[in-house]
Novice: 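Please read through the structure below; I'll follow up with questions.
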Amino acid sequence: MYRRKISNITISTHKQENLYFAAGFSENGKLIRISHPQTILEDAISEISEHHPKYSMSNENNGIVKEIACMYFGENIDFDLTLLETDINSEYETSTIKTSFEQDVILEVAKIPYGTVKTYKDIAESINTHGYRAVGTAVGKNPFPIVVPCHRVIRSDGGLGGFRGGIDVKINLLTNEGIKIKSGKIID
DNA sequence: GATTGACGCCGAG
DNA sequence: CTCGGCGTCAATC
């Protein structure tokens, strides 16, 4: 059904406070994937190269990666979302946004404001489905962690839910935004 | 088909 | 409080 498009990408990195961040950019300059913060540079790069084996390193987009790092540390940056490749019909591979359902979920999560949270159920209702679990699965495929704030999506019972980069990263992100957590639950 | 998810809800202990 | 069972739906085998 789908072919793996082998297009050249570039990877840019940034180090901040002993954490490495990496991001992949397609030939048209759009972001196609962001790594989670890693303590080892190679791990950050691998998160991108696993999905896009044909890559070369470049520093032309280091500034954008730096912005992402700042967002991780709690800065409320008005990131330019048009930089994200979210078009499922693009000639450039996005690798984990392949269906319109996944696209709907990612675009809905992208709207969650800084310092607030929504539940998987909220997201499901916004896109008119009862497939709560399917929403969770799609959120888990978010290729743009931090920028598309999947860390702001929690369970209806106040539980944190999961996070691909490790639950500790989700906790850090939320607390940096001023959200209070006590024994694994969000406090209203 | 059957299974598996970063889920949600309700009811029984 | 925890657990199990069922609802629900997209992706994957």
Side-chain angles (χ1 to χ4, degrees), chain A residues 1-6 19 21-24 31-39 43-44 46-48 50-53 68 71-74 79 81 84-90 92-188:
Chain A
M1 155 69 181
Y2 79 87
R3 68 201 181 284
R4 186 156 187 73
K5 291 180 200 164
I6 307 293
L19 287 176
F21 298 80
L31 257 169
I32 51 175
R33 184 156 216 101
I34 298 171
S35 79
H36 296 275
Q38 298 285 170
T39 53
D43 289 344
S46 296
E47 278 194 51
I48 313 299
E50 276 174 9
H51 295 267
H52 304 93
I68 295 165
M71 292 172 79
Y72 170 76
F73 288 107
F79 195 89
L81 295 176
L84 306 181
E85 181 59 85
T86 54
D87 182 1
I88 56 176
N89 296 317
S90 167
Y92 299 101
E93 168 172 50
T94 313
S95 79
T96 48
I97 308 179
K98 298 198 290 278
T99 66
S100 62
F101 178 82
E102 290 163 347
Q103 184 183 38
D104 289 347
V105 171
I106 295 300
L107 292 179
E108 199 60 38
V109 173
K111 297 179 188 168
I112 307 175
Y114 182 93
T116 68
V117 294
K118 278 195 176 180
T119 67
Y120 296 99
K121 183 186 180 185
D122 291 335
I123 301 296
E125 286 176 347
S126 298
I127 63 171
N128 299 311
T129 177
H130 298 283
Y132 313 113
R133 303 191 72 163
V135 167
T137 303
V139 173
K141 291 185 185 175
N142 175 23
F144 311 115
I146 303 170
V147 169
V148 172
C150 55
H151 58 283
R152 297 181 191 140
V153 187
I154 62 167
R155 295 170 43 149
S156 292
D157 63 4
L160 291 177
F163 195 74
R164 291 201 82 77
I167 193 62
D168 291 346
V169 175
K170 187 168 185 171
I171 292 170
N172 285 339
L173 282 159
L174 291 171
T175 45
N176 286 343
E177 295 186 17
I179 290 166
K180 299 274 182 275
I181 300 169
K182 189 164 190 175
S183 56
K185 290 214 168 193
I186 302 289
I187 303 167
D188 266 337

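What you see is a predicted model, and the numbers here were worked out from it, not measured in a lab. Letters A, B, ... are given to chains in the order of the sequence lines, protein chains preceding strands, and every chain is numbered from 1.
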Novice: Using atom C1' of each nucleotide, how far apart are B:dG5 and C:dG7 to the nearest Å?
Specialist: 15 Å
Novice: C:dA10 P sits how many Å from A:R133 CZ, rounded?
Specialist: 14 Å
Novice: Assert yes or no for the condition that the ring centre distance of A:F21 to A:H36 is strictly below 6.0 Å.
Specialist: no
Novice: Main chain of A:D87, side chain of A:S90: is a donor-acceptor contact present, judged purely on distance under 3.5 Å?
Specialist: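 Side chain of A:S90 to backbone of A:D87: no pair is present.
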Novice: State which of B:dG5, C:dT12, C:dA11 makes the closest approach to the side chain of A:E102.
Specialist: C:dA11
Novice: What closest approach, in Å, do A:H52 and A:I32 show between heavy atoms, and which atom pair accounts for it?
Specialist: NE2-CD1, 3.6 Å
Novice: With the side chain of A:A134 defined as its heavy atoms from C-beta on, choose the nearest nucleotide among B:dA6, C:dC9, C:dA11.
Specialist: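 Looking only at heavy atoms from C-beta outward on A:A134, the closest nucleotide is C:dC9.
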Novice: Mind checking if A:F101 touches a base, just sugar-phosphate, or nothing, with heavy atoms under 4.0 Å?
Specialist: sugar-phosphate
Novice: Using a distance-only test with no angle check, is there a side-chain donor-acceptor pair under 3.5 angstrom linking A:N172 and A:Y72?
Specialist: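 Indeed, the side chains of A:N172 and A:Y72 share at least one donor-acceptor pair under 3.5 Å.
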Novice: Under a cut-off of 3.5 Å for both distances of each Watson-Crick or G-U pair, what dot-bracket string does DNA chain B give, using [ ] for crossing pairs and | for inter-strand pairs?
Specialist: |||||.|||||||
Novice: Using whole Å, what does the distance between atom C1' of nucleotide C:dC6 and atom NE2 of A:H130 come to?
Specialist: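 Result: 15 Å.
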Novice: Taking atom C1' in both B:dT4 and C:dT8, compute the distance separating them and give it to the nearest angstrom.
Specialist: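 Roughly 13 Å separates the two C1' atoms.
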Novice: Between A:F144 and A:L31, which heavy-atom pair has the shortest distance, and what is it?
Specialist: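 For A:F144 versus A:L31, the nearest heavy atoms are CE2-O, 3.5 Å.
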Novice: Measure the distance from CZ on A:F163 to P on B:dC7 and round it to the nearest whole Å.
Specialist: 14 Å
Novice: Between A:E85 and A:R33, does any NZ, NE, NH1 or NH2 come within less than 4.0 Å of an OD or OE carboxylate oxygen?
Specialist: no
Novice: Please report, rounded to the nearest Å, how far the P atom of B:dC9 is from the CD atom of A:E125.
Specialist: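 Rounding to the nearest Å, CD of A:E125 and P of B:dC9 are 8 Å apart.
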Novice: From the list C:dA10, B:dA6, B:dC7, which nucleotide is the closest neighbour of the side chain of A:Y132?
Specialist: B:dC7
Novice: Where do A:M71 and A:I146 come nearest, in terms of heavy atoms and distance?
Specialist: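 So the minimum-distance heavy-atom pair works out to CB-CG2, 3.7 Å.
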Novice: What integer distance in Å separates A:L160:CG from B:dA6:P?
Specialist: 15 Å
Novice: With a cut-off of less than 4.0 Å, is there a side-chain N or O of A:K141 near OP1 or OP2 of C:dT12?
Specialist: yes
Novice: Nearest whole Å is fine: how far is B:dC7 C1' from A:K118 NZ?
Specialist: 17 Å
Novice: Testing the basics here: between A:P145 and A:S35, what is the closest heavy-atom pair and its distance to 0.1 Å?
Specialist: CG-O, 4.1 Å
Novice: B:dG8 C1' sits how many Å from A:I123 CD1, rounded?
Specialist: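 My rounded result for the distance is 15 Å.
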Novice: What is the distance, to the nearest angstrom, from the CD1 atom on A:I106 to the C1' atom on C:dA11?
Specialist: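 That distance rounds to 15 Å.
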Novice: For A:K141, give me all partners under side chain to side chain contact (heavy atoms under 4.5 Å, CB included), at least two apart in sequence or on another chain.
Specialist: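 Listed in chain order: A:T96, A:E102, A:T137.
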Novice: Do the side chain of A:K170 and the main chain of A:G162 share a donor and acceptor less than 3.5 angstrom apart?
Specialist: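 Pair found, side chain donor or acceptor close to backbone of A:G162.
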Novice: Can you list, by residue number, the residues of residues 146-158 of chain A that have a non-hydrogen atom closer than 4.0 angstrom to DNA chain B?
Specialist: A:C150, A:R155, A:S156
Novice: When all nucleic acid strands are considered with a 4.0 Å heavy-atom cut-off, which category describes A:G131: base, sugar-phosphate, or nothing?
Specialist: sugar-phosphate
Novice: Just N and O in the side chain of A:T129: are any of them under 4.0 Å from OP1 or OP2 of C:dT8?
Specialist: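 It does not, given that no N or O in the side chain of A:T129 lies less than 4.0 Å from OP1 or OP2 of C:dT8.
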